Amino acid sequence: MTLALETTDLKVRLRLAEDWFTVCDLSALIPGRGVAALLPDGRQVAVFADRTGRLYAIDNRDPFTGAAVLSRGLTGTHRGRPFVASPLLKQRFDLESGRCLDDETVRVTAYEVKAA
Amino acid sequence: MTATPGASPTIVLVGHGMVGQRFLEALAERGLTATHRVVVLCEEPRPAYDRVQLTSYFSGKTPEDLSMTDLEFIEDHGIELHIGDPAETVDREARRVTARSGLTVDYDVLVLATGSYPFVPPVPNKDAEGCFVYRTIEDLLAIEEYAKKATTGAVVGGGLLGLEAAGALKGLGLTSHIVEFAPRLMPVQVDEGGGAALLRTIEDMGLSVHTGVGTQEIVVGEDGAVTGMKLSDGSELATDLVVFSAGVRPRDQLARDCGLTVGERGGIAVDEQCRTVADPHVFAIGECALAADGRVYGLVAPGYEQAETAAATIAADEASFTGADLSTKLKLLGVDVASFGDAHGATEDCLDVVYSDSRAGLYKKLVIGRDGTLLGGILVGDAEAYGTLKAFTGSVPPVAPESLVLPAGAGAPAQLGPAALPDDAIICSCNNVRKGTIRGAVTEHNCTTVPEVKKCTKAGTTCGSCVKVLGQLITAELEASGVEVDKGLCGCFSQTREELYEIVLALRITSYQDLLDRHGREAARGGDGCEVCKPTVGSIIASLAPAIGASNYVLDGEQAALQDTNDHFLANLQKNGSYSVVPRIPGGEIAPEKLIVIGEIARDFGLYTKITGGQRIDMFGARVEQLPLIWARLVDAGFESGHAYGKSLRTVKSCVGQTWCRYGVQDSVRMAIDLELRYRGLRSPHKLKSAVSGCQRECAEAQSKDFGVIATASGWNLYVGGNGGATPRHADLLAQDLSDAELIRLIDRFLMFYIRTADRLERTSVWLDRIPGGLDHVRDVVVHDSLGICDELEALMAAHVSHYRDEWAETINDPEKLSRFVSFVNAPDTPDPVVAFVPERDQIKPDLPLLNIGLRPADDILEGSVTR
Ligand code: SRM
Ligand SMILES: Cc1cc2nc3c(=O)[nH]c(=O)nc-3n(C[C@H](O)[C@H](O)[C@H](O)COP(=O)(O)OP(=O)(O)OC[C@H]3O[C@@H](n4cnc5c(N)ncnc54)[C@H](O)[C@@H]3O)c2cc1C
Ligand code: SF4
Ligand code: FES
């Protein structure tokens with residue numbers, strides 16, 4: 001059975017303090033690939049969808065290099081948990097918690113995200 | 001001249017052979033080199049080397065490879081090493097040694113490690129020109145030189161060394177004979193049954209064996225050089241060269257001359273501490289010593305134990321040498337022969353278990369005690385189990401002994417893994433290393449490979465016969481500690497890249513998810529894969545796209561999600577998040593108009609511009625949203641993607657060649673352009689580089705390339721497997737004097753065979769060294785079509801060539817794809833503020849302070865921060 005999910009009107013929304021911030025159309029996300037979004041305060045967020053359609057959002061800034069590139073990394077599953085590997089030096093970050101899997105002292109912000 | 005005796009006590013070592021060197025190491029380990037002056041008198045023209053591996057000189061090892069002496073070690077420990085200066089006399093009263101050069105050294109302790117000399121039976125003309133012994137590197141050099149003008153060689157002695165020597169003569173291209181006095185070969189190690197199996201195998205290899213006959217006389221010609229030998233059965237054997245290998249005798253002359261006690265049949269008599277029985281200031285170790293058990297040991301392992309014992313005794317520690325095991329394994333000739341423990345069944349009441357198959361040249365015997373203890377054995381034709389069996393010797397093996405000698409398929413039960421060995425089983429008898437020590441190297445010292453364990457424990461560093469078991473033990477230990485040692489590509493796939501390639505091709509799988517869900521590891525199915533397998537599978541699908549009916553455009557559909565970020569943006573990511581742009585300049589040839597276009601674009605977008613090492617031009621500092629604008633102009637001017645970002649063909653460098661150069665013999669520029677256009681866009685396990693030189697002067701450096709071409713007067717020579725980078729490798733010549741068409745056909749096949757069989761991120765150089773059979777195998781496959789796959793390889797390449805499309809032209813014409821080239825999905829017109837530049841030497845460079853903002857100190861772990 002093919003699920004023809006009606007996505008046209010669905011938006012990707014990010015939780016910022018009390019508000020839900022609209023990032024983009026859900027259809028702009030390719031499963032397994034990220035996009036970057038600019039937040040009102042100048043921060044950047046990397047938003048991903050996995051193959052089942054689940055959404056994740058973490059800070060876009062790669063803490064190891066300072067470049068805003070995490071949205072351009074490859075995603076995957078490690079021990080059942082979703083991650084993205086930085087495209088620069090390949091450190092992996094857990095997409096749900098923002099924790100770096102290769103250096104436990106490093107962590108990036110993880111955001112609550114939904115399609116609505 | 002007299003060497004000035006220092007204040008510290010002096011140890012003098014006479015003989016710097018294998019055992020002498022081990023003695024020095026043992027001194028250093030015990031700190032004695034710091035408290036003592038150590039003087040070494042070395043007779044040979046080079047410091048200690050691996051005599052056990054001597055014969056490997058003939059298979060390509062150089063004297064340097066064989067060296068066991070790290071000169072840094074000698075220097076660091078202040079050891080005075082006198083090379084080429086043997087000891088001539090010892091005055092025990094004065095405790096003084098005098099060397100040939102006149103050097104005299106006063107000693108507190110004298111250690112004799114003078115080894116043995118080859119025994120040459122006293123037959124007439126034994127010293128004639130063409131007679132040799134087999135003991136030192138110098139002996140081998142002399143044999144090699146003499147063999148150049150010889151056609152036949154004979155070895156006197158069919159023991160372990162004799163067989164090695166005979167194999168070496170055969171390797172030098174001589175017709176080889178072995179003459180053995182005893183009724184069988186290797187009489188010391190094997191029994192009659194084993195000797196018969198061995199004889200068949202040796203004869204099958206083309207060596208002539210004469211057993212049960214003695215050498216009576218060496219026959220010489222008028223010039224005094226060897227022409228043959230007379231045998232005890234009255235026959236005569238014509239030969240140009242004779243190698244005596246009739247056993248060794250301890251070199252004890254120095255000891256005899258100074259009145260030390262020697263055994264009836266030679267050997268310097270020592271006690272269990274390796275101290276000479278006649279003089280407490282003198283020790284003897286190695287092959288020159290007659291040990292306390294009344295034996296002279298002709299193997300290196302007991303010698304090492306003696307070296308340790310002597311060093312310990314000098315350090316006033318407790319140690320003793322009371323005897324050792326005589327296990328051996330033949331290293332050469334491609335014959336498996338091993339004997340260990342009580343091979344001849346000398347123990348009272350022992351029993352034999354024998355398996356013998358004369359047709360297959362197999363003979364295996366185990367000697368078992370009444371209580372089931374494994375006492376020893378002989379293996380001929382298949383010594384696979386040697387390491388394990390040797391280690392079990394002295395204990396009751398956990399399975400029935402019969403099952404240990406039966407060949408696979410003959411009802412043989414499960415092989416006994418080394419895991420079944422007890423921790424105190426000796427795995428490496430040369431270096432006396434127990435299983436427990438090897439396990440410790442893995443579990444406590446984090447060794448994960450054989451070379452690491454060798455370095456850590458010394459196991460496997462001498463005769464090498466235990467290396468196989470070492471490997472098994474390491475694997476078992478790693479597995480036991482939960483480390484996965486499978487050859488799988490990654491955590492998602494248990495297959496290698498090669499296997500995945502075959503699956504994708506055979507089943508025409510065009511989707512990564514499909515491959516993962518059907519062929520991935522159980523736990524990975526249904527998941528999102530990982531950063532290792534996604535690009536690998538993406539590359540396989542791209543390589544095979546036309547053949548399996550997938551899109552060959554890497555940004556199509558699911559493929560887009562598989563690409564590394566460089567491939568995804570068709571550009572190379574730089575440290576600040578900007579990209580570089582490299583248009584293809586085939587063969588490095590570029591018309592001025594095109595140069596001007598590049599200059600204008602770089603100027604208009606403010607890009608940093610540089611000539612690369614690959615004969616083309618790179619423009620750095622483009623923001624992601626600028627890439628399509630830049631490429632629109634480049635494509636318009638006739639440029640294509642240079643694939644500087646892809647694991648694919650990079651450049652085919654050229655030299656200027658025949659057209660201009662006075663030495664050129666072919667048009668190297670044209671060929672480079674042809675090759676670059678033919679293979680552009682070809683996705684492969686790693687990047688591919690090439691070059692074409694117009695003559696043997698090689699200005700294009702083709703021999704450092706994955707496939708390099710050099711012009712000859714009559715065509716092209718094709719070299720493969722070259723590499724620059726961190727581990728440079730010169731390419732190997734694959735074929736010579738090829739026509740244009742032959743050259744291209746061969747490269748087609750070579751590249752497709754590489755793409756098919758290489759591991760992920762394995763350059764051709766590493767691949768060529770790894771695949772079984774190496775260059776010869778690759779030549780068989782791609783030149784002689786030994787696998788019958790050349791048609792298929794050519795067809796795959798033809799499909800690639802005909803389906804090639806420039807991916808940048810494709811991208812700028814696809815609005816949906818272009819929409820991905822933005823810094824922010826919610827603000828497509830806003831550039832990433834982190835990408836900023838500062839001026840340098842008239843151009844730009846990334847603003848590094850900007851990147852550093854937000855990097856905080858370690859104690860303050862905040863979200864979004866880093867500790868370094
Ligand atoms: C133009 C160039 C080929 C090209 O199209 O790229 C070139 C051209 C010549 N090379 Fe070269 N070499 C060129 C780069 C190289 C390189 C690559 C490099 O250095 O980056 C090498 C390999 C590296 C090296 O130096 O070994 C190279 C190794 C040689 C050699 C071999 C040197 C050797 O020691 O083996 C020769 C022959 C010689 O020394 O007599 C040589 C000699 C020559 C001569 C001078 C032959 C001659 O005596 O006439 C060629 C001049 C042709 C002409 O009439 O103009 N050229 N030559 C390259 C000029 C580079 C430059 O910046 O000027
Ligand atoms: C071809 C070959 C294959 C072998 N294969 C094996 C094998 O597979 N397994 C195994 O266990 N053993 C093997 N052996 C035997 C092994 O090499 C010896 O057991 C080992 O080298 C003995 O070490 P050593 O230090 O006692 O003697 P050596 O290594 O012979 O060293 C003695 C050194 O003392 C020097 N010397 C002698 N007199 C003087 C003097 N007066 N002053 C100064 N220096 C002097 C000699 O020149 C020599 O360099 C093999 C030997 C050969 C030749
Ligand atoms: S390789 Fe030969 S033909 Fe090419 S530039 Fe060098 S010297 Fe001239
Ligand atoms: S047994 Fe010889 S090196 Fe280990």
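Chain naming here is simple, since letters A, B, ... match the order of the sequence lines and numbering starts at 1 in each. Here the structure is a predicted model, which means the values were calculated and not measured.
Of all the listed residues (B:Ala827, B:Ala523, B:Ala560), the one sharing the greatest number of non-hydrogen pairs under 4.5 Å with chain A is B:Ala560. Taking B:Gly529, B:Gly577, B:Ser578 one by one and counting their heavy-atom pairs under 4.5 Å with chain A, the maximum is reached by B:Gly529. For the set A:Pro87, A:Cys24, A:Ala37, the entry with the most heavy-atom pairs within less than 4.5 Å of chain B is A:Ala37. Across B:Pro833, B:Cys530, B:Pro846, B:Ala561, the residue that shares the most heavy-atom pairs under 4.5 angstrom with chain A is B:Ala561.
For the residue pair A:Gly66 and B:Val834, the shortest heavy atom distance occurs at O-CG1, 3.6 Å. Considering every non-hydrogen atom in both A:Ala28 and B:Val825, the closest pair reads CB-CG2, 4.2 Å. Nearest heavy atom pair, residue B:Asp832 against residue A:Ala68, reads OD2-CB, 3.7 Å.
With a threshold of 4.5 angstrom between heavy atoms, A:Phe93 does not approach chain B through any atom at all. Residue A:Pro31 touches chain B through its backbone alone, counting heavy-atom pairs closer than 4.5 Å. For B:Lys534, the part lying under 4.5 angstrom from a heavy atom of chain A is the side chain only. For A:Ala85, the part sitting under 4.5 Å from any heavy atom of chain B is the side chain, from C-beta outward, and nothing else. Within the 4.5 angstrom heavy-atom criterion, no atom of B:Ser819 approaches chain A. Contacts of B:Gln563 with chain A are made by both backbone and side-chain atoms, with heavy-atom separations under 4.5 Å.
Distance CD1/A:Ile30 to CG/B:Leu555: 8.5 Å, rounded to 0.5 Å. With rounding to the nearest 0.5 angstrom, the CZ atom of B:Phe824 is 9.0 Å from the CG atom of A:Leu39. Between atom CG of residue B:Asp528 and atom CG of residue A:Asp50 there is a gap of 4.5 Å, rounded to the nearest 0.5 Å. The CG atom of A:Asp62 lies 12.5 Å from the NZ atom of B:Lys575; values are rounded to the nearest 0.5 Å. Distance check, rounded to the nearest 0.5 Å: CG of A:Leu38 to CG of B:Asn826 gives 6.0 Å.
With respect to A:Arg72 and B:Asp564, no salt bridge is recorded, no charged nitrogen being found less than 4.0 Å from a carboxylate O. A salt bridge links B:Asp517 with A:Arg51: the distance from a Lys NZ or Arg NE/NH1/NH2 to an Asp or Glu carboxylate oxygen falls below 4.0 Å.
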Practice item. Apply side-chain contact (heavy atoms from CB on, under 4.5 Å) to the pair A:Val69 and B:Thr565, showing each step before the final yes or no. Key: CA-CA 10 Å; A:Val69 293; B:Thr565 191; over 6 Å; no
Exercise for review: Please report the C-alpha distance between B:Glu531 and A:Arg92 in whole Å, then the side-chain angles of each, then the deciding distance to 0.1 Å, and finally whether the side-chain contact (heavy atoms from CB on, under 4.5 Å) criterion is met.
Suggested key: CA-CA 9 Å; B:Glu531 78 282 15; A:Arg92 294 164 305 163; 3.4 Å; yes
